[in-house]
Amino acid sequence: MPRSRSRSRSPRMEERRRSRSPDGDRDRPRKIHSGFRWKDTKRRDDSRYADDDRRLERGYRDRDRPRSPRRDRDGDRYGDRYRDGARDRRRDDREGRPLHDRERHRDEDRKPKPKEKKPAATQPSEPMIVVHVNDRLGTKAAIPCLPSDPIRLFKAQVAARIGREPHEILLKRQGERPFKDQLTLEDYGISNGVQLDLGSAGILDAEFLAASLHRRSPETFPIIHLPSYLPTPLPLSPFTTFTTFCDLEKVCLAMVRNIVVIGGTSHPRLTQTICNHLGIPPANVLLSKFSVGETRVEIQESVREKDVYIIQSGGGKVNDHLIELLITISACKTASAKKVTAVLPLFPYSRQSDIPYNKSGALLAKSSLQQSYTFDSTPPTPHPGKPESQGLVNGVEGLQKSLAKAQLEDSDANAVNGTSPVKRRPIGDGGKRSDTLDSTRSDASIPNGVSNDDNASVTSASPKIPVFEPRPGYRQWVAQAGTLVADLLTCAGADHIITMDLHDPQYQGYFDIPVDNLYGRPLLKRYIQRHIPDYKNAIIVSPDAGGAKRATAIADSLGMEFALIHKERRPTKITDRQNATMMLVGDVRDRIAILIDDLADTSNTITRAAKLLKKEGASQVYALITHGILSGDAIERINASALDKVVVTNTVDQEEHRRRCPKLEVLEVGNVFAEAIRRVHHGESISVLFQYD
Ligand SMILES: O=P(O)(O)OC[C@H]1O[C@@H](O)[C@H](O)[C@@H]1O
């Protein structure tokens, strides 16, 4: 009795039967060689597919295409096998025939046969190429192949290399549709060294879908920014429809591997730009204040085991922003974030790190006054042909003036509290800041924490116990806030810092964690090349000696000339800075002068420099600045100045500034920070962001 069909079916078949389309479909005549076919139902007698499969499994190529000599050898070996098979088949056929027939056929076999038409001679060896495939999730492979290789074969090679099945492989160029199996690499213009996107078949191409969405409904989907670090195509179901795909944000989020971007209150626009580039929304956080003014931070989503980036710039209410950043870092860390990176486009307090101190506040550099300089002192780095001493910078008069002033101050101080400036330093239980060589020496010179003139003079006379003397510019109880801020960030839990154009690049040395100091120079350089007419004849000007290195770097890379404004700030009291004199070194006459600086705060520096440059004959004055802090009345000053144009980046929010200053132009840095975050997240090198040549 024949068994019923339903009983003979496997559960899987049964399941498939149920999900099949209505019965009407089944009545249709089955196509033999077209349409979709389940792999396990492939007909064994379909020699065309069997042949293909054998080739794919073994990684051999289409025998009709030209091969390299090595491949010919392989081909021959298998050719022999096929020939042997054919011989056996011929013998079998003949054995079944009658004797006379067999003799006739033997005679026929002996007769010289008309020469078989040989297949076209193989072309001389086609040069091998190497094609790179990359799925942007770490799977990369370099595949040696021939341009004439069919895509089907190339996929087989890729599959073998990455341990997948050929039918699982999807190849495409970025932004293009997936390659078709029957075409060749050549057909797609694939040449040596080309990189192809590697995806998985049965997965929709997110870029393609995004483009389609945009085409269909440009209002709803004006531009869909797919994050550059997301794998494309996205692993959607093959049955994903446009409707289900519409919630692209969720799809992107699902794909983002543990990355969270938190924006502080300092620069929400920049946070949004960075997030747009990354393709993720900023994390939900509640940043508020108690009525007394204390900052309150609440992270409203889980950051457990996440790679967190907190974006907070140093402009505006800098102290509030700093505290907010510290609290946010700490909140993320205590909420079990895997890694917390503070992204500070403008690093606050970095201008206050002028003198290298150790963490306990002691000078790392030895005091220059430990040696007593004379007119004949040898300079520290003598050069051949140079005089042994260049003497005092301001001559004897300068020295006499300073001495007279110092004596006057000393006597004043003694009159008030009976101590010298050195004695004012409180040394005692709570006052000892350091146990470094310098500090122990200085402490030793001040017995009982209070020295007097006699002691000081006695100890300074002894070469064994030198007196601690501050270096010029060192103000003992002016906090070294740069060091403090570095420590605060580290203590709060920051694992990494990303910033741009640090005022003092050596400031990185104050951190025990990695600091990536990006450059704004490529942006400034590009602006010069694109927007300054006949820029090669313009001249780069540094408004002070401190910025000379920054400015010369740009001048050198663009092959432009360089001038320097020498700014003398004497006396050194901050309130007297308006009295600083400026002197131009270089010729700016009838040329466009381009001032380059790291930041403009009050804009006093650039406006005064512009005045000088115009006085010296510059035809136009541009100021190109990385950080446009522009606090106080800086905008009014710029508007009234000789500056023709001020170009800044948006490391600090510029919306309000731009509204008030027609001379202001703003360059976008969001993309640079987004790329830095992407690279840091993936552990890729970010040195490419440092290059500016
Ligand atoms: O003159 P403002 O704009 O206040 O200050 C900017 C100057 O102060 C320096 O630290 C900067 O490098 C720049 O030269």
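All values derive from a computational prediction rather than experimental measurement. Counting convention: from 1, in listed order, for ligands and their atoms alike.
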Side chain or backbone of Asp544 under 4.0 Å from ligand 1, or both, or neither, by non-hydrogen atoms?
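The part of Asp544 near ligand 1 is the side chain, not the backbone.
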Answer with side chain, backbone, both or neither: which part of Asp601 has a heavy atom less than 4.0 angstrom from an atom of ligand 1?
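The answer is both.
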Short list, please: which atoms of ligand 1 are under 4.0 Å from a heavy atom of [X]?
{"X": "Arg351", "value": "5 (O), 8 (O), 10 (O)"}
{"X": "His503", "value": "9 (C), 10 (O), 11 (C), 12 (O)"}
{"X": "Leu599", "value": "6 (C), 13 (C)"}
{"X": "Ala600", "value": "3 (O)"}
{"X": "Thr605", "value": "1 (O), 2 (P), 5 (O), 6 (C), 7 (C), 14 (O)"}
{"X": "Ser603", "value": "2 (P), 3 (O), 4 (O)"}

For the pair [X] and [Y], find out whether any cationic side-chain nitrogen is under 4.0 Å from an anionic carboxylate oxygen.
{"X": "Glu665", "Y": "Arg658", "value": "no"}
{"X": "Lys663", "Y": "Asp644", "value": "no"}
{"X": "Glu655", "Y": "Arg659", "value": "no"}

Under a 3.5 Å cutoff, is there a donor and acceptor pairing between the side chains of [X] and [Y]?
{"X": "Asp516", "Y": "His496", "answer": "yes"}
{"X": "Ser631", "Y": "Asp601", "answer": "yes"}
{"X": "Tyr510", "Y": "Asp504", "answer": "no"}
{"X": "Asp307", "Y": "Tyr309", "answer": "yes"}

I'd like to know if Gly547 contacts ligand 1, where contact means a heavy-atom distance under 4.0 Å to any ligand atom.
no
Does Gly546 have a heavy atom less than 4.0 Å from any atom of ligand 1?
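The answer is no, since Gly546 has no heavy atom less than 4.0 Å from ligand 1.
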How many angstroms lie between atom SG of Cys332 and atom CD1 of Ile262, to the nearest 0.5 angstrom?
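Result: 3.5 Å between the selected atoms.
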For atom 12 (O) of ligand 1, which of the options Asp598, Ile596, Thr607, Leu595 provides the nearest non-hydrogen atom?
Asp598
